[in-house]
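Below is one structure, written out as structure tokens; the observations come after it.
As the structure is a prediction and not an experimental result, all values here were calculated from the model. In each ligand, atom 1 is the first atom listed, and ligand 1 is the first ligand listed.
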Amino acid sequence: MMELSSCLIVFHRLLIRLLLFTIFVSNYISFASVQQLFCHDEERSALLQFKDSFVIDKSASSFEGAYPKVLQWKSSSNCCLWDGIDCDAETGHVIGLDLSSSCLFGSINSNSTLFTLVHLQMLSLADNHFNFSQIPAAIVQLSGLTYLNLSSSTLYGQVPFEISNLTRLSSLDVSSNYDPDTGEKFLQLRNPKFKTLVRNLLGLEILILSYVDISSEVPDLLTNFTSLTTLHLSKCELYGDFPAKLFQLPNLQSLIVQFNENLTGRFPEFQQRSPLTTLRLRGTKFSGSLPYSIEKLDSLDMLDVRSCNFSGPIPFSLGKLTQLTYLNLRGNNFSGEIPSSLRNLIHLTLLSIAENQITGPIPLWLGNLTKLTMLRLQHNLLHGPVPQSLSMLVNLEKLNIRDNNLGGNLKFDMFINMKSLTHLRLGHTNLSLIFGKANRNATSHQFKSLDMSSCKLRKFPHFLRHQNELEVLLLGGNKISGQIPIWMWNTSTHTLIELDVRNNSLRGFDQLPNQVLPWINLAMFDISLNKFLGPLPIPPPSIVHYDVSKNMLTGEMPPLFCTMSSLRNLDLSNNNLDGIVPKCLGNSSSALSILSLRNNSFHGMIPQLCSSNNGSQLKIIDISYNQLQGKLPRSLSHCLMLEAIIVSNNQLRDSFPSWLGSLPELKLLILHQNGFYGTIEKPKKDLDFSNLQVLDMSSNSFTDNRFEGEISEVFGNLKALHSLNFSNNMLTGCIPSSFGNLTELESLDLSQNNLSCRIPQELKQLGFLASFNVSHNNLTGPIPQGKQFYAFDSSSFYENPELCGEPLLKKCGNSESLPSPPEDDHEDSKSIFKMDWIFILAGYISGLVVGVVLADIMMKRTPG
Ligand SMILES: *[C@@H]1O[C@H](CO)[C@@H](O)[C@H](O)[C@H]1NC(C)=O
Ligand SMILES: *[C@@H]1O[C@H](CO)[C@@H](O)[C@H](O)[C@H]1NC(C)=O
Ligand SMILES: *[C@@H]1O[C@H](CO)[C@@H](O)[C@H](O)[C@H]1NC(C)=O
Ligand SMILES: *[C@@H]1O[C@H](CO)[C@@H](O)[C@H](O)[C@H]1NC(C)=O
Ligand SMILES: *[C@@H]1O[C@H](CO)[C@@H](O)[C@H](O)[C@H]1NC(C)=O
Ligand SMILES: *[C@@H]1O[C@H](CO)[C@@H](O)[C@H](O)[C@H]1NC(C)=O
Ligand SMILES: *[C@@H]1O[C@H](CO)[C@@H](O)[C@H](O)[C@H]1NC(C)=O
Ligand SMILES: *[C@@H]1O[C@H](CO)[C@@H](O)[C@H](O)[C@H]1NC(C)=O
Ligand SMILES: *[C@@H]1O[C@H](CO)[C@@H](O)[C@H](O)[C@H]1NC(C)=O
């Protein structure tokens with residue numbers, strides 16, 4: 001019995017052990033596959049409902065490796081094993097949900113079952129398309145979140161206050177909810193503001209708000225966020241002064257505040273080493289110098305201060321940041337030489353010092369920075385030779401030294417050996433390019449972009465005939481004469497986008513079949529300022545910018561130009577073209593922005609421009625100096641973008657086009673020397689012309705413009721006018737006193753009319769008036785005295801028998817004299833005038849052609 005019982009006891013113990021072992025083993029097993037055991041039913045169904053609230057759409061995610069993770073979620077299976085799910089080892093609750101780049105498309109709101117997953121600690125819905133939903137306020141129910149990523153997911157509206165209650169967050173990313181095409185930002189931080197949002201999130205390590213419309217200052221408060229490692233605030237409309245202390249956050253590794261145009265700031269003196277590896281301030285108004293103490297940032301890998309307002313020398317200590325792979329100082333006001341210490345930055349792949357005021361030579365040691373793929377030195381004051389050592393840069397893809405004062409000879413052969421070099425810009429450096437043997441034999445090296453502008457070339461370089469991948473070829477400002485060689489018609493026919501041979505002495509296209517340009521993707525074609533003869537070359541339909549101005553081209557303008565739907569700038573000015581302007585131009589593409597036919601021999605009527613109703617982009621029409629006849633086409637009133645109409649020196653016959661007054665952007669109306677006629681008295685309704693700055697209705701001879709009658713008072717309403725010219729018409733009556741309201745007026749020419757009465761005293765209010773001419777009229781009485789009137793030449797008043805007072809010799813009788821006003825600082829107003837005028841013209845000189853078109857006017861009208 002005893003034995004049996006002891007046996008039983010032993011057995012029992014064994015059993016217990018076995019049981020314990022089983023428990024241990026099963027525990028062990030459950031540890032290994034805990035998720036198998038614990039998937040909470042309600043969480044599974046919440047996840048499935050969440051899944052079902054979306055459709056799967058491949059285009060909802062932009063990441064290349066995106067795939068719909070939810071597709072293999074099945075109601076029968078263990079949710080802890082699903083793709084994108086992480087469960088707690090102990091409790092089996094879903095604590096992590098990563099549905100980034102999962103092709104989810106659809107709306108989300110606070111009713112979503114997602115917000116019942118209250119154990120979540122990590123949530124990423126990044127790179128999906130939530131159809132412009134707001135970030136649901138119910139997010140606050142996920143109070144255990146430490147990681148929240150809602151970037152690039154087409155969420156819209158105010159970032160909810162509730163996020164500021166997620167006090168456990170260590171990583172918050174709501175960036176890049178914006179339209180990449182328009183730049184429109186979908187999310188904003190107004191209420192709550194930035195400061196309120198982050199106030200309680202002191203544990204943040206990562207804060208990424210790029211492309212959120214924050215529109216506030218960077219809160220000082222952030223300097224207390226000592227755990228921050230990453231702070232990214234690109235394109236947030238930040239303004240004010242950036243708190244310099246933020247540079248010294250002890251754990252900060254990545255600071256990106258680029259593209260906040262109104263954000264100012266300066267570097268502090270760095271007291272201690274910093275773990276910063278990435279620092280991007282590009283496109284802000286940071287200013288001051290780079291402090292010597294920047295050497296303390298010795299972990300820096302990337303330093304980008306492009307397009308800021310930094311100045312002073314590049315500090316020698318920058319050479320101590322030997323980890324740098326990317327150094328971009330472009331577009332500041334740095335001066336002095338390139339410090340030799342930069343030779344230590346042997347890991348650099350990009351070095352850009354472009355667009356500063358750097359002097360001295362291009363250093364030889366640059367050839368030792370062999371990891372460089374991009375070297376940009378353009379737009380500086382560098383001089384001396386281009387060192388041969390640069391040919392050691394075998395990884396270099398892009399080299400730009402354009403616009404410097406280098407001078408001397410440069411053997412092009414050195415570039416042939418730089419195997420990776422595809423983009424080479426040497427223009428405007430006063431270099432003389434020399435082509436040696438390599439020029440003949442270089443058949444293998446293919447360039448994409450070549451700028452050899454103003455390199456004193458006399459011929460098309462021979463090696464070009466082997467180039468099959470050129471996209472950009474700039475040969476302007478050389479001394480190339482003769483014809484464009486026949487082999488060019490086989491060069492890069494599929495790739496060439498931009499061809500510029502302007503300002504040479506070229507005469508023609510050698511055997512170009514039917515005058516049709518061979519480059520099927522050409523967008524920019526500029527042969528201006530040459531001696532080309534013959535008919536217009538025909539561009540492909542891809543053409544955007546076509547400039548053949550200042551040549552000796554003849555023949556007619558083919559109607560084909562009407563069908564080029566991308567054409568924006570068409571400049572045929574200063575040639576010997578004739579025939580009519582094709583009628584179809586009236587219905588042509590809405591892309592056309594600048595049309596210049598100036599100084600040719602076109603005749604016939606002006607086509608009915610903008611007659612098709614598809615939003616014309618036409619900004620500038622210059623058809624001056626031709627033999628065009630008829631009226632101004634009334635369709636012009638549909639060209640709502642028009643800024644300048646220049647039709648001077650033609651044979652148009654029409655009355656004053658007050659109907660153009662409704663064009664909201666019109667700044668320039670030049671009718672000079674045509675057959676305009678009629679009165680400018682009492683227009684039917686008030687004159688609009690709210691932005692008109694220059695109005696020229698003058699004429700030169702008795703055969704052209706004949707405006708008659710009185711000048712209506714309503715011209716005093718053209719408040720934006722800077723220049724008004726009525727010279728040589730048959731105007732009668734008084735100078736309207738309403739002209740005293742044209743406070744922007746800088747130039748007023750009423751000479752050679754039949755105006756009578758006194759010169760209104762109100763004109764003394766015109767503080768910017770610098771040019772004034774009323775000669776050859778019948779004005780009477782005293783010339784207003786004082787202010788800017790002191791500055792006018794006596795010839796401004798000649799041939800008005802009844803006019804008296806300074807600067808004329810004729811003294812006024814007592815009855816006529818008026819009290820002399822106090823002395824005034826007319827000198828000032830004159831200097832203001834000059835600057836203002838140039839500034840305003842520069843404002844609407846938007847393209848090359850416009851530059852040419854308006855430069856004349858500017859030259860003519862800028863006094864002194
Ligand atoms: C997206 O939003 C639009 C407009 O609110 C709505 O009509 C459409 O049904 C939504 N699409 C989805 C998939 O939710
Ligand atoms: C959420 O659901 C409730 C009840 O079903 C409904 O009244 C409410 O409009 C819903 N809210 C939203 C934002 O859809
Ligand atoms: C958020 O998700 C996007 C897309 O998956 C990713 O690129 C980004 O690094 C994530 N942000 C953070 C802070 O992890
Ligand atoms: C930082 O924290 C300290 C202590 O909590 C506080 O006194 C100070 O006002 C905070 N600084 C800012 C800029 O909010
Ligand atoms: C380039 O590096 C080599 C080897 O380190 C060195 O001998 C040479 O002096 C360097 N050249 C320049 C111009 O710094
Ligand atoms: C251009 O270089 C030549 C020598 O090659 C020099 O004589 C000339 O002064 C330079 N021109 C300018 C504008 O620097
Ligand atoms: C006004 O036009 C006439 C005739 O075209 C011209 O001679 C004169 O210089 C112009 N006045 C001003 C101020 O430009
Ligand atoms: C000048 O403008 C003011 C305000 O627009 C107007 O009241 C006044 O009558 C104008 N003066 C003349 C002389 O037209
Ligand atoms: C004023 O105009 C007349 C003729 O139009 C011209 O001879 C004279 O030089 C002009 N004076 C000024 C100052 O422009």
Side-chain angles (χ1 to χ4, degrees), residues 61-67 69 84 96 98-104 122-128 145-153 169-177 195-196 198-200 202 204-211 217-226 228-232 243-246 249 253-254 256 624-625 648-649 670-674 676 694-702 704-705 707 721-729 745-753 769-776 792-793 795-796 837 856-863:
S61 300
S62 59
F63 174 55
E64 245 178 76
Y67 67 94
K69 295 181 187 174
D98 178 2
L99 289 179
S100 57
S101 303
S102 293
C103 314
L104 301 177
M122 182 275 180
L123 174 61
S124 179
L125 299 175
D127 191 24
N128 290 292
L145 279 183
T146 59
Y147 178 100
L148 177 59
N149 194 340
L150 300 174
S151 69
S152 312
S153 42
L169 277 181
S170 75
S171 175
L172 174 61
D173 184 349
V174 294
S175 65
S176 303
N177 286 282
K195 199 168 159 181
T196 320
V198 298
R199 196 169 47 201
N200 301 323
L202 268 161
L204 278 178
E205 291 168 20
I206 298 177
L207 179 59
I208 305 186
L209 300 176
S210 299
Y211 294 95
E217 304 190 355
V218 178
D220 272 341
L221 175 77
L222 283 176
T223 54
N224 271 354
F225 284 52
T226 48
L228 270 183
T229 61
T230 304
L231 179 60
H232 293 182
K245 277 188 185 163
L246 286 183
L249 283 172
Q253 292 167 23
S254 181
I256 305 184
S624 58
Y625 297 91
S648 54
N649 300 75
I670 314 280
L671 308 177
H672 165 70
Q673 221 177 335
N674 275 288
F676 284 91
V694 180
L695 176 57
D696 185 346
M697 313 186 0
S698 66
S699 55
N700 268 348
S701 70
F702 286 104
D704 44 66
N705 293 349
F707 289 108
L721 267 188
H722 285 65
S723 168
L724 181 58
N725 196 341
F726 281 136
S727 175
N728 213 334
N729 281 285
L745 208 58
E746 295 166 2
S747 167
L748 177 60
D749 192 341
L750 302 171
S751 63
Q752 318 228 38
N753 281 287
L769 197 63
S771 161
F772 181 69
N773 201 335
V774 290
S775 65
H776 298 271
F792 301 142
D793 193 78
S795 72
S796 298
W837 184 234
D856 290 3
I857 297 161
M858 182 157 99
M859 297 315 274
K860 252 202 276 177
R861 277 152 213 279
T862 306

When you measure from the side chain of [X] to the backbone of [Y], do you find a donor-acceptor pair of N or O atoms at a distance under 3.5 Å?
| X | Y | value |
| --- | --- | --- |
| Asn128 | Ser153 | no |
| Ser170 | Glu205 | no |
| Asn700 | Asn649 | no |

message: Which of the numbered atoms in ligand 4 are under 4.0 angstrom from any heavy atom belonging to Leu221?
response: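 Per the distance check, 13 (C), 14 (O).
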- request: Show which atoms of ligand 4 fall inside a sub-4.0 Å distance from at least one heavy-atom site of Asp220.
  value: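 This gives 13 (C) as the contact atoms.
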task: Could you see which bit of Asn728 sits under 4.0 Å from ligand 7, with heavy atoms only: side chain, backbone, both or neither?
output: neither
message: Please classify the His672 to ligand 7 contact at 4.0 Å (heavy-atom distances, strictly less than): side chain, backbone, both or neither.
response: side chain
Would you name the heavy atoms of [X] and [Y] that are closest together and state the gap between them?
| X | Y | answer |
| --- | --- | --- |
| Leu209 | Val174 | CD2-CG2, 3.5 Å |
| Ser61 | Cys103 | OG-N, 2.8 Å |
| Val198 | Phe225 | O-CZ, 3.2 Å |
| Ser795 | Asn773 | O-OD1, 3.8 Å |
| Lys195 | Leu221 | O-CD2, 3.7 Å |

Dump the pairs for me: ligand 3 N or O, protein N or O, distance under 3.5 Å, to 0.1 Å.
| from | atom 1 | to | atom 2 | distance (Å) |
| --- | --- | --- | --- | --- |
| ligand 3 | 2 (O) | Asn149 | OD1 | 3.4 |
| ligand 3 | 2 (O) | Asn149 | ND2 | 2.3 |
| ligand 3 | 11 (N) | Asn149 | ND2 | 2.9 |
| ligand 3 | 11 (N) | Asp173 | OD2 | 2.8 |
| ligand 3 | 14 (O) | Tyr147 | OH | 2.6 |

- prompt: Of the options Ser176, Ser62, Ser152, which is the one that meets Asp127 in a side chain to side chain donor-acceptor pair (under 3.5 Å)?
  reply: Ser62
Per-atom contacts, ligand 7 versus [X] - under 4.0 Å to a heavy atom:
| X | value |
| --- | --- |
| Asp749 | 1 (C), 8 (C), 10 (C), 11 (N), 12 (C), 13 (C) |
| Asn700 | 4 (C), 5 (O) |
| Asn725 | 1 (C), 2 (O), 3 (C), 8 (C), 10 (C), 11 (N), 12 (C), 14 (O) |
| Ser747 | 13 (C) |

- prompt: If you measure only the distance, is there a donor-acceptor pair under 3.5 Å linking the side chains of Asn149 and Ser171?
  reply: no
- prompt: Are Ser751 and Ser727 linked by a side-chain donor-acceptor pair shorter than 3.5 Å?
  reply: yes
- prompt: Would you say Ser751 contacts ligand 7, with heavy atoms under 4.0 Å as the rule?
  reply: no
message: With respect to Ser699, determine whether any N or O atom, backbone or side chain, lies less than 3.5 Å from an N or O atom of ligand 7.
response: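 In fact, backbone or side chain, Ser699 has no N or O that close.
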